[in-house]
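The structure appears right after this line, and notes come after that.
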Amino acid sequence: MTTYIYNKVKKAVKAGMLALLVPVLTNLISSCQDKDWDAPSKEKSIESYGNKYLKETNLKTIAEVIALYSNEINNNSLKEVKQPMQIKGIVTGNDEEGNIYNSLYIQDNTAAIAISISQSGLYAALPVGQEILIELQGLYIGGYGKQPQIGTTYTNPNKEGATPQVGRMSRYIWKDHYKLIGTVDVKKAVSKEVKWNFNSLDINKDCGKLITLKGVSLAEADGKAAFAPTDGSVPLTANCANRVITGLSNVVVRTSTYADFAKTVMPTGQVDITGVATRYNDTWQILMRKLSDITASSTEPAPVATPTGSGTQNDPYNVAAVTQFTKALAADAQAGPVYAKGYVVKVTDIDTSGSYGNATYLISDQKDGSTGSFQVYRGYGLNNVKFNAGATPIKEGDEVTVYGKVVNYKGNTPQFAQGSYIYMLNGKTK
């Protein structure tokens, strides 16, 4: 209709009939108002985004795809998907309030994965609760900080010798690789409830999933501190602030300074926090999607352990005390060596066959981890023996006394630094 109007005006001008322009335009515009030329019909709205021609020819679960590319994910590299392969999932995280940037998170009933897209306003087409089909052929799968991602290849041009990693695909590539399925149903975006601590989660299997952490508190919330201020009051990494959760040594609430709620004052007291549980190596990073993801909690407060011990061989710290001691250090500062005693509540990784022979695990003052945990990062076994050289493997429920230096990693993850070892295991030193 716009072209038609233009041609009429052009003919009128050539004919010198300028006086006729007003009635011609008036009649044409009036006739255009009788029909909405731009709004798609409701029946066709699902075809307004993505590629409606995609089909399920080799459908995989998200867990199956992660397993196929586990080597690339764990080594922060990437690999192109050469054969036709699809996944389906529910959108659980998008950029609606700016805390998740150029990314989507989807999950099925097996696992979750991030999708990197160079496009803003993704939430308009892909709201939380929308199911989508994704064709993986031609895309790349890999890891960043061991977080599984889908995207394209990217090499930092400003870094000499940089290796390729998963980067953001263009909006045009993305449009060809996804298809909307059904209508939006927020109830399909199921969050996993976690009470007080993260011991019920597996950092390899659950990363990227939507979770609700119940009955916790933000350690730095004092009625004045904001989530992600830019006034220098909190260290920023990649324009994000990491806020500590009381009692948890390897979990932070990560907020972008560009989030709509970045300058909102953090709530004090017990809260429930819903967000995408991403990972950066062995640290959980909770990404709230919007301000309403944090609410006052009716869950009873987590048990609190009283700090005891002096950190010596005869009087080791308990977990509460070694956490307190390490949090008082400056960011990335080390201290010790010290002794600390606790129960193993989660073994994240243990190398019994490779060259490292170490383990990463969590210890707590309670066997259920309810009083908080402290991470032992890449420590050795009893008597400083490597686990692949005969040291007794550790398991959940073991009582250990660990000896080594502690570090306040990045200022928000207090832990035993790499190279610690078990001095005593279940009451025995040999």
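Keep in mind it's a predicted model, so treat the numbers as computed, not measured. Nothing fancy with the numbering, it's 1 onward along the sequence.
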Around atom [atom1] of [X], are there more than 12 heavy atoms from other residues, nucleotides or ligands closer than 6.0 Å?
X	atom1	value
K179	NZ	yes
Y123	OH	no
Y69	OH	yes
K192	NZ	yes
K146	NZ	yes
Y101	OH	no
K405	NZ	no

Is the side chain of [X] donor-acceptor paired with the backbone N or O of [Y] at a distance under 3.5 Å, no angle test?
X	Y	value
Q147	R279	yes
D108	I62	yes
N408	A333	no
D351	Y356	yes
D398	V344	no
Q165	G143	no
Q415	N250	no
D206	K209	no
E131	K88	no
T110	A63	yes

Nearest non-hydrogen partners of [X] and [Y], listed with the distance:
X	Y	result
S364	T371	OG-OG1, 3.5 Å
K327	P414	CG-CG, 3.8 Å
E135	Q137	OE2-N, 3.0 Å
Y105	L287	OH-CD1, 3.8 Å
A125	L180	O-CD2, 4.0 Å
T255	A228	O-CB, 3.5 Å

With rounding to the nearest 0.5 angstrom, report the [atom1] to [atom2] distance, [X] to [Y].
X	Y	atom1	atom2	result
I245	L213	CD1	CG	5.0 Å
S297	I273	OG	CD1	10.0 Å
S118	R171	OG	CZ	9.0 Å
I294	F261	CD1	CZ	9.0 Å
N94	L122	CG	CG	7.5 Å
S170	Q119	OG	CD	9.0 Å

Do [X] and [Y] come within less than 4.5 Å of each other through their side chains, counting heavy atoms only?
X	Y	result
R289	I100	yes
V407	Y377	no
N242	Y280	no
R243	V234	yes
I115	I134	yes
N58	Q86	yes
I350	Y361	no
N99	E97	no

- prompt: Should V166 and Y144 be marked as a side chain to side chain contact (heavy atoms under 4.5 Å, CB included) after you check the CA-CA gap, both sets of side-chain angles, and the distance that decides it?
  reply: CA-CA 7 Å; V166 178; Y144 179 74; over 6 Å; no
query: Does Y339 have its ring centroid less than 6.0 Å away from the ring centroid of Y423?
result: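 For Y339 and Y423, the ring centres are under 6.0 Å apart.
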query: Between Y178 and Y49, does the ring centroid distance fall short of 6.0 Å?
result: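 No; Y49 has its ring centre 6.0 Å or more from that of Y178.
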- prompt: Do we see a donor-acceptor contact under 3.5 Å between the side chains of D368 and S370?
  reply: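 A donor-acceptor contact under 3.5 Å links the two side chains.
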message: Under a plain distance cut-off of 3.5 Å, with no hydrogens placed, do D315 and S310 share a side-chain donor-acceptor pair?
response: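 Result is yes, a qualifying pair exists.
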field: side chain to side chain contact (heavy atoms under 4.5 Å, CB included), paired with H177, selected from L133, L139, I132
entry: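 Of all the options given, the one that passes is L139.
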field: Residues D293, K290: salt bridge by 4.0 Å N-O rule
entry: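 No.
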task: Apply side chain to side chain donor-acceptor pair (under 3.5 Å) to the pair S116 and Q149, showing each step before the final yes or no.
output: CA-CA 7 Å; S116 298; Q149 295 190 46; 2.8 Å; yes
Step-by-step side chain to side chain donor-acceptor pair (under 3.5 Å) determination, N314 to T312: CA-CA 5 Å; N314 295 326; T312 64; 5.9 Å; no
message: The test is side chain to side chain donor-acceptor pair (under 3.5 Å); show your working for N318 and T308 and say whether it passes.
response: CA-CA 6 Å; N318 69 350; T308 61; 3.2 Å; yes
- request: Could you walk me through whether E399 and N426 pass side chain to side chain contact (heavy atoms under 4.5 Å, CB included), step by step?
  value: CA-CA 5 Å; E399 186 179 37; N426 296 322; 4.0 Å; yes
task: Step by step, work out the side chain to side chain donor-acceptor pair (under 3.5 Å) result for T360 and D349.
output: CA-CA 5 Å; T360 297; D349 180 64; 5.3 Å; no
task: Any chance you could lay out the side chain to side chain contact (heavy atoms under 4.5 Å, CB included) test for Y409 and Q375, step after step, and finish with the verdict?
output: CA-CA 11 Å; Y409 182 66; Q375 180 167 262; over 6 Å; no
task: Evaluate side chain to side chain contact (heavy atoms under 4.5 Å, CB included) for V244 paired with E220, printing each intermediate quantity in order.
output: CA-CA 7 Å; V244 176; E220 298 143 301; 4.1 Å; yes
